[in-house]
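What follows is a set of notes on a single structure, which appears directly below.
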2 protein chains.
Amino acid sequence: MRMSEGVEWALHTCLNLSWVESGEAVPTARLAEFYGLPAAYLNKQLQALARAGILSSTTGPRGGFRLARSPEKVTLLDVVTAIEGAEEAFRCDQILRHGPGGRQDVDYRQACVISQGMRKAELAWRTELAAQSLADIRATVERRQPSAPGQARSRLAAGAA
Amino acid sequence: MRMSEGVEWALHTCLNLSWVESGEAVPTARLAEFYGLPAAYLNKQLQALARAGILSSTTGPRGGFRLARSPEKVTLLDVVTAIEGAEEAFRCDQILRHGPGGRQDVDYRQACVISQGMRKAELAWRTELAAQSLADIRATVERRQPSAPGQARSRLAAGAA
């Protein structure tokens, strides 16, 4: 059970966009070059982030992506959900329905003790993801690596090499 | 990002085996019939549980599977790991290595703030899975559905219909 590589790309790209304070839209090609990522595939992740309201996209010759809301209001859970979907990781096909005494009118995804235990754990994971915002991540990066914001700005801002 | 259906099968099968107190080995066919599961595919999950030391298997005409340790000593995390592997769900391909200032001698899976945040959340999930044993699940099921142990025994024990 693994997330797609798009989650790593999306998280780093959102973080970098949080440093482009001018609010200008950054083209996909420039975002892809930053880490040497395939632009077409990165663009799919950026579109998913836009659909989730994390990025806003503009079209046209000066088009691209920017953060749609402040980094305080984007959590790790928001980004993971935008890329991976909101579906639970534990797959419950309600096999209890086919066992002795199984009932068709019971939703075992809710009623089954095993499903409940698995959901409890998943909730702990989601809660921890939701507790960490892009602003939190950014503050830690800036403390540890003060050159990071400038590097992002100089590579991503308009007129960058 | 979803687990395989084998996790649900494995958890329910381990729970049922915990009620077969005679310690006898239950053949795969009988375990599969319990929920109408495909025997060959269930057998793959049972083999994985055996490799993880959760079940023990015996071959021969009276062969099959039984719990290898007491239900107190089997956690949800043990079963999930046996079926899904121990790999982290967040895939970190260390794209920072290819960004500005990226270093080849740094392990960004450890050093990257985003990786650390993702790992923290995953640890919360694993901790919660590890906090729930098969014995805990079994006690809750027995309280809510007192007929469950008898149903499992009568269907799974030797000479069962």
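Since we're looking at a predicted model, the values are computed, not measured. Quick note on labels: first sequence line is chain A, next is B, and so on, each numbered from 1. For the numbers below, each heavy atom of this structure counts, side chains included, while hydrogens, waters and symmetry mates do not.
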Donor on one side chain, acceptor on other, B:Gln151 and B:Trp19, under 3.5 Å: no
Residue that, paired with B:Asp78, satisfies salt bridge (charged side-chain N to carboxylate O under 4.0 Å, His left out) out of B:Arg126, B:Arg69, B:Lys73: B:Arg69
Closest non-hydrogen atom pair, B:Ala82 against B:Ile54: CB-CD1, 4.0 Å
A:Arg2 (side chain) donor-acceptor with B:Met1 (main chain) under 3.5 angstrom: no
Side chain / backbone / both / neither for B:Leu76 at chain A, heavy atoms under 4.5 Å: side chain
N/O donor-acceptor pair under 3.5 Å between B:Arg30 side chain and B:Ala157 backbone: yes
Heavy-atom contact with chain A under 4.5 Å, split by part of B:Leu15: side chain
Proximal component of B:Leu77, with respect to chain A [non-hydrogen, under 4.5 Å]: neither
Hydrophobic cluster identity match, A:Tyr41 and A:Leu46, side-chain contacts under 4.5 Å: yes
Region of A:Leu123 in contact with chain B, defined by heavy-atom distances below 4.5 Å: neither
Chain A interface, residue from B:Leu96, B:Leu129, B:Val141 that has the most non-hydrogen pairs under 4.5 Å: B:Leu96
Contact winner vs chain A - B:Arg97, B:Glu5, B:Gln145, B:Glu84, heavy-atom pairs under 4.5 Å: B:Glu5
Heavy-atom contacts under 4.5 Å, residues 107-122 of chain B to chain A: B:Ala111, B:Cys112, B:Val113, B:Ile114, B:Gln116, B:Gly117, B:Met118, B:Lys120, B:Ala121, B:Glu122
Portion of A:Arg138 that has a non-hydrogen atom of chain B nearer than 4.5 angstrom: neither
Taking every non-hydrogen atom, the tightest pair across A:Ala130 and A:Thr75: O-CG2, 3.4 Å
Choice from A:His12, A:His98, A:Gln94 maximising heavy atom contacts with chain B below 4.5 Å: A:His12
Non-hydrogen atoms of B:Ala39 and B:Thr28 that approach each other most closely: O-CG2, 3.5 Å
Residue pair B:Asn16 / B:Thr13, side-chain donor-acceptor N/O under 3.5 Å: no
Which atom of B:Ala68 lies closest to which atom of B:Gly53, heavy atoms considered: CB-O, 3.5 Å
